[in-house]
Colleague: 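What follows is a structure written as structure tokens; I'll ask about it next.
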Number of protein chains: 2
Amino acid sequence: MGWEEVRAEVLSRIRSRLWAPGALIPGEEALAQEFGVARVTVNRALTELARAGLVERKRKAGTRVAALPIRRATFDIPVIRADVQARGQAYDVRLLREEITRPPLAVAAALGWPISGGEARGAMLGLETLHLADGRPFAHEIRWLNLAVLPDPRPDFARVSANEWLVAHVPFQGGDIAFEALAAGEEVGRAMGLDPATPVFVTERCTWGAEGPVTWVRLTHAPGYRLKTVI
Amino acid sequence: MGWEEVRAEVLSRIRSRLWAPGALIPGEEALAQEFGVARVTVNRALTELARAGLVERKRKAGTRVAALPIRRATFDIPVIRADVQARGQAYDVRLLREEITRPPLAVAAALGWPISGGEARGAMLGLETLHLADGRPFAHEIRWLNLAVLPDPRPDFARVSANEWLVAHVPFQGGDIAFEALAAGEEVGRAMGLDPATPVFVTERCTWGAEGPVTWVRLTHAPGYRLKTVI
DNA sequence: TAGTGGTCTAGACCACCTC
DNA sequence: AGGTGGTCTAGACCACTAT
């Protein structure tokens, strides 16, 4: 009996409500004995179930079936070029704007970028990019980059996607991502050839490295875009 | 040196490009020796990195740094009541419609429900629900339930949220989930008090159990909704 | 303080895959 | 066919925390 079988057995007991939500299940030692495996094997199985959100584990308190067995899903953050090519379409990028200036307040706030009044606020590299699939607008990208992470001279972002350059060259530690539905608006609508009122799927991402903010990105996807995953 | 330290060290070598994207890194045995730990400890660390999408592991071929270090994010599928209450708002539900009839073709197709012509297609339980936060529309839910998973008599879904009843009573094995941005439309707009053209964030979920389809849900979130997670 | 989960080790066998 | 990762075991110690 391997750890996957142990996990399956425990899972089935949870689903059959033999171990109901909120209930305490036997300790690792007891389960190991019952299943005839080493304790580490049970530990591995329960750790996986805990990661999936089906049980909650606490030292001394033991393992409980989650009161509300929340489902946890994982998805890969799309890399646009790969995404387009996976659909069998031709990928192309067009750099619409590139300038060094101070970012909007909302961007600075999200990144924790100094926003103290007037001149004190630092400049960032602002990029506006249109991603094309088979020549048609696929996504519109607004990005602000911390100049400190860029070499001098900086990469030619008209030729290299900023995202791909970053993942390959800038170590980063974490960030956050948010999804929402918005109207395209004037600026993006014009760039993508959409009515400003068109509902669009928007992804916003902040990334930090060891030495502070790296980049802020807002991706507006063309109508029809669906983010899918398996649970 | 524990497995987390090993993971951190390997991660730092990847980020510093000492081990560049696509490169083969030393085997577990070699790393274990270098770090002065057991091979299992290295294994644990590398397994975690593989799960995060930073390295790719294959037997015999060894471990490689991912060519395009895809970021993988995980998020908890929101449980509406918990979601609302976590915002410090009062939660309430209103059941707008409950009927046993044949689901729309799109729903049947998504679930793999028999759609052979006319009478042959089976009926499901259709629910339309409005979730309220502090008395204001928070989300609109359209749900189709496989009658075979329900007891007789069936639960009073005017009092118990279908979602919460399901997670507590119906074993399920998997499903998929998709997010998109749409216009609210006539029906949902009326229920939520929105202009039909309002962009809304929509979640669609299919769930299967051991004995076939369990449920199909379409959640329309009120404007301003953001799905957030950390990467 | 005592009990539970978290982790480590050394050795072993196995499954898979590339060579 | 051989090398690599995947897993198992038995025993041990540690860390956290409920009591």
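Chain letters run A, B, ... following the sequence lines, proteins first, then strands; residues in each count from 1. Note that the coordinates shown come from a computational prediction; the quantities given were computed from them, not determined experimentally.
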Colleague: To the nearest Å, how far apart are B/Leu46 CG and D/dT7 C1'?
Modeller: 15 Å
Colleague: Return the nearest nucleotide to the side chain of A/Arg57; candidates are C/dG5, C/dT18, D/dA18.
Modeller: C/dG5
Colleague: Any donor-acceptor pair, under 3.5 Å, between the side chain of A/Arg39 and the base of C/dT4, if you only look at N and O atoms?
Modeller: no
Colleague: C/dG5 C1' sits how many Å from A/Leu31 CG, rounded?
Modeller: 12 Å
Colleague: Tell me if the centroids of the rings in B/Phe75 and A/Phe179 come within less than 6.0 Å of each other.
Modeller: no
Colleague: Okay, side chain of B/Thr215, backbone of B/Trp144: is any donor-acceptor separation there less than 3.5 Å?
Modeller: yes
Colleague: Pick the nucleotide of DNA chain C nearest each of A/Ile25 and B/Val37; which residue has the one closer to the 5' end?
Modeller: A/Ile25
Colleague: Could you state the atom-to-atom distance from CD of B/Glu28 to C1' of C/dC16 in whole Å?
Modeller: 14 Å
Colleague: Looking only at side-chain N and O atoms, does A/Asn43 come under 4.0 Å of OP1 or OP2 in C/dG6?
Modeller: yes
Colleague: Round to a whole Å and report the spacing from CD of B/Glu4 to C1' of C/dC8.
Modeller: 13 Å
Colleague: Please determine, for the side chain of B/Val40, which listed nucleotide (D/dC16, D/dG11, C/dG11) has the closest atom?
Modeller: C/dG11
Colleague: Is it the case that atom CD in B/Glu34 sees more than 12 heavy atoms from other parts of the structure closer than 6.0 Å?
Modeller: yes
Colleague: Are B/Thr41 and C/dT9 close enough that a side-chain N or O sits under 4.0 Å from OP1 or OP2?
Modeller: yes
Colleague: Flag the pair B/Glu56 and B/Arg64 as a salt bridge only when some basic side-chain nitrogen lies within less than 4.0 angstrom of an acidic carboxylate oxygen.
Modeller: no
Colleague: Return the value, rounded to whole Å, for the distance between atom CZ of B/Arg44 and atom C1' of C/dT9.
Modeller: 15 Å
Colleague: Between A/Gly36 and A/Ala61, just flag the one whose closest nucleotide in DNA chain D comes earlier from the 5' side.
Modeller: A/Gly36
Colleague: Give a yes or no on this: more than 12 heavy atoms of other residues, nucleotides or ligands lie within 6.0 Å of atom CZ of B/Arg136.
Modeller: no
Colleague: Rounding to a whole Å, what distance do you find between A/Glu56:CD and C/dG5:P?
Modeller: 14 Å
Colleague: Among D/dG6, D/dA10, C/dT4, which is the nearest nucleotide to the side chain of A/Arg59?
Modeller: C/dT4
Colleague: Using whole Å, what does the distance between atom P of nucleotide C/dG6 and atom CZ of A/Arg51 come to?
Modeller: 12 Å
Colleague: Round to the nearest Å and state the distance from A/Arg64 atom CZ to C/dT4 atom P.
Modeller: 12 Å
Colleague: Out of D/dT9, D/dG5, C/dG5, which has the shortest distance to the side chain of A/Thr63?
Modeller: C/dG5
Colleague: Find which nucleotide of DNA chain D each of A/Trp3 and A/Lys60 is nearest to by heavy atoms, and output the residue with the more 5' nucleotide.
Modeller: A/Trp3
